[in-house]
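Structure, as structure tokens:
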Protein chains: 2
Amino acid sequence: MMNNIFVTLYKDFAEKIDSGILAPGSKLPSEHDLAQHYEITRETVRKGLNLLAQNGYIHKVKGKGSFVLERDRYNFPVSGLVSYKEMTERMGKLSNTLVYVTECTHAGEFISKQLQISADTKVWRVVRAREIDGERIILDIDFLLASVVPHLSKEITGQSIYEYLEKELNLKISYAKKVISVERATGMDYEYMDIGEDTHVVVVRGYVHLEDTTLFQYSESRHRLDKFQFVDFARRENTLSF
Amino acid sequence: MMNNIFVTLYKDFAEKIDSGILAPGSKLPSEHDLAQHYEITRETVRKGLNLLAQNGYIHKVKGKGSFVLERDRYNFPVSGLVSYKEMTERMGKLSNTLVYVTECTHAGEFISKQLQISADTKVWRVVRAREIDGERIILDIDFLLASVVPHLSKEITGQSIYEYLEKELNLKISYAKKVISVERATGMDYEYMDIGEDTHVVVVRGYVHLEDTTLFQYSESRHRLDKFQFVDFARRENTLSF
DNA sequence: CAGTGGTCTAGACCACAGC
DNA sequence: CTGTGGTCTAGACCACTGA
């Protein structure tokens with residue numbers, strides 16, 4: 001129930017493009033026309049259109065207009081900060097979460113470095129496998145500051161941690177840095193995932209910050225090689241050109 | 001020599017943050033103050049600040065202000081559409097490009113599918129290895145529409161193709177989709193890269209579009225497992241919340 | 001309460017595309 | 001030339017922060 005006009009415009013067109021009502025290549029009404037239709041200013045129209053452009057829905061050309069891009073709904077980024085649960089739901093895939101560990105412990109040497117805290121700081125440690133089509137293909141290991149998240153349980157970690165944090169604790173997650181690399185599989189990988197003969201896994205390290213910039217979560221998402229995919233949409237910043 | 005005021009503001013602060021003059025955690029002047037200082041409107045100030053926020057330089061909090069984020073200059077995205085040459089230059093690394101193939105040929109079955117053209121369309125095929133510290137760790141295979149790029153040579157591909165396209169041919173590259181996955185190494189990988197006993201490589205497939213939305217380039221950037229890294233900075237879109 | 005960022009208005013001038 | 005998107009102005013009101 002929020003009433004940002006430019007978000008409304010964004011959603012209107014995102015919906016139309018996703019559903020195919022607006023075909024790829026077709027031209028949007030001009031900013032001037034949209035302003036009249038929505039009874040708003042052109043600057044406000046532009047905010048909505050820029051949001052569409054950022055998310056790969058449309059492409060704007062000076063002097064010509066805005067055009068719908070080809071964008072397959074499922075195989076698309078939406079950027080990294082979407083949880084596994086949201087993603088599988090979007091793909092309509094059958095999935096299952098296996099919770100192996102939900103404990104409160106001390107950070108220890110490695111985690112204290114990642115979270116930039118002292119080694120005896122209390123953190124929640126959560127280990128979960130993500131099962132799709134009967135195979136455990138992702139191993140998620142999460143560490144969350146206990147000072148930020150006082151309580152966790154197997155019921156919560158079995159669902160979505162983020163949903164709990166945002167809806168119950170009213171925490172505001174703001175931004176994250178993710179680092180993707182390929183590393184040798186560990187004993188935990190062999191134990192908690194179905195990786196067969198593979199010697200390596202894809203590791204996505206996540207550093208998640210709250211609105212006050214607190215680094216409150218470090219996570220490792222370990223993927224089986226053959227099931228890993230990451231899609232990125234990027235615009236050439238002709239605006240900048242350093 | 002372009003005079004967008006908000007880009008000037010962006011560059012000013014990006015520079016100050018990169019050089020360390022503005023330390024992480026420090027507070028920027030308020031939008032009102034910046035508007036006065038630059039003698040521009042607050043809306044224009046905001047465009048510059050939003051650009052800084054998008055690129056991970058700062059973080060804005062309603063009611064409080066804008067704050068400098070920790071952002072190591074080298075290990076940062078700048079998003080995908082930066083060529084290998086630009087990247088190594090940014091890191092100050094010693095690098096070398098080995099050109100194996102620069103030929104004009106027919107697209108063939110696989111490439112015609114990737115570029116959505118017919119199999120007998122003429123395309124340039126470029127195969128290059130990227131050598132860093134004496135090891136060939138990246139294999140770049142590029143296919144470019146000959147109708148868009150009429151001429152190529154070993155001299156050009158040995159430097160930067162993008163620089164040639166933008167500066168000589170005045171082509172405007174607009175956006176790209178990249179797909180990262182891990183795949184079995186091929187005979188070409190073993191021949192043109194130093195991958196030793198590895199059985200897999202990281203493959204980054206790129207689909208590059210011009211300003212008129214033409215898909216004019218398909219590329220495969222094949223990386224040795226231990227030298228691959230991809231960094232992503234993402235904001236949680238609290239604006240949207242579908 | 002004053003200060004901050006978020007949104008929006010009603011204009012203006014510019015650069016570019018295409019006829 | 002008209003129509004398009006890109007930039008910018010000089011205001012306004014709102015929601016949030018913190019003293």
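Residue numbers start from 1 in every chain, and the chains themselves are labelled A, B, ... in the order their sequence lines are given, proteins ahead of strands. The structure displayed is predicted, hence computed values, not measured ones. Excluded from the calculations below are hydrogen atoms, water molecules and symmetry mates; all remaining heavy atoms, backbone and side chain alike, are included.
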The nucleotide from dA10(D), dC13(C), dG5(C) with an atom nearest the side chain of R42(B) is dG5(C)
Contacts of F143(A) meeting ring pair (Phe, Tyr, Trp, His ring centres under 6.0 Å) (sequence neighbours excluded), chain-then-number -> none
Between CD of E43(B) and P of dG6(D) the distance, given in whole Å, is 16 Å
In whole angstroms, the gap separating P of dG18(D) from CD of E211(A) amounts to 11 Å
Applying ring pair (Phe, Tyr, Trp, His ring centres under 6.0 Å) to Y207(A) and not counting sequence neighbours gives Y218(A)
Kindly indicate, with the supporting measurements, whether the criterion side-chain hydrogen bond (donor to acceptor under 3.5 Å, both in side chains) is fulfilled by S112(A) and S118(A).
CA-CA 6 Å; S112(A) 66; S118(A) 69; over 6 Å; no
Taken to the nearest whole Å, NZ/K172(A) to C1'/dG5(C) is 13 Å
* Asked: Side-chain donor-acceptor pair under 3.5 Å between Y162(A) and Q217(A), yes or no?
  -> yes
note: F6(B), atom CZ; dT9(D), atom P; distance rounded to Å ~ 12 Å
Y10(B) vs Y57(B) aromatic rings, parallel, tilted or perpendicular, using cut-offs 30° and 60°? perpendicular
Hits for salt bridge (charged side-chain N to carboxylate O under 4.0 Å, His left out) against K47(B), two or more places apart or cross-chain, chain-then-number order -> none
> Taking OP1 and OP2 of dT7(D), is either one under 4.0 Å from a side-chain nitrogen or oxygen of T44(B)?
Replying inline: no
- request: Remember a base hit wins even if backbone is also touched, and classify I5(B) as base, sugar-phosphate or nothing at under 4.0 Å, heavy atoms.
  value: sugar-phosphate
Ordered by number, residues from residues 59-67 of chain A within less than 4.0 Å of DNA chain D (heavy atoms) are K60(A), V61(A), K62(A), G63(A), K64(A), G65(A), S66(A)
Next item on the list: Let me see the working for D142(B) and R128(B) under salt bridge (Lys or Arg N to Asp or Glu O under 4.0 Å), right down to the final yes or no.
Entry: CA-CA 9 Å; D142(B) 293 274; R128(B) 293 172 296 179; 3.2 Å; yes
The side-chain contact (heavy atoms from CB on, under 4.5 Å) partners of S221(A) (sequence neighbours excluded) come to I138(A), D140(A), V204(A), H223(A)
Within residues 22-41 of chain B, those residues having any heavy atom closer than 4.0 Å to DNA chain D are E39(B), I40(B), T41(B)
To the nearest angstrom, the CG-P distance between N4(A) and dG5(C) comes to 18 Å
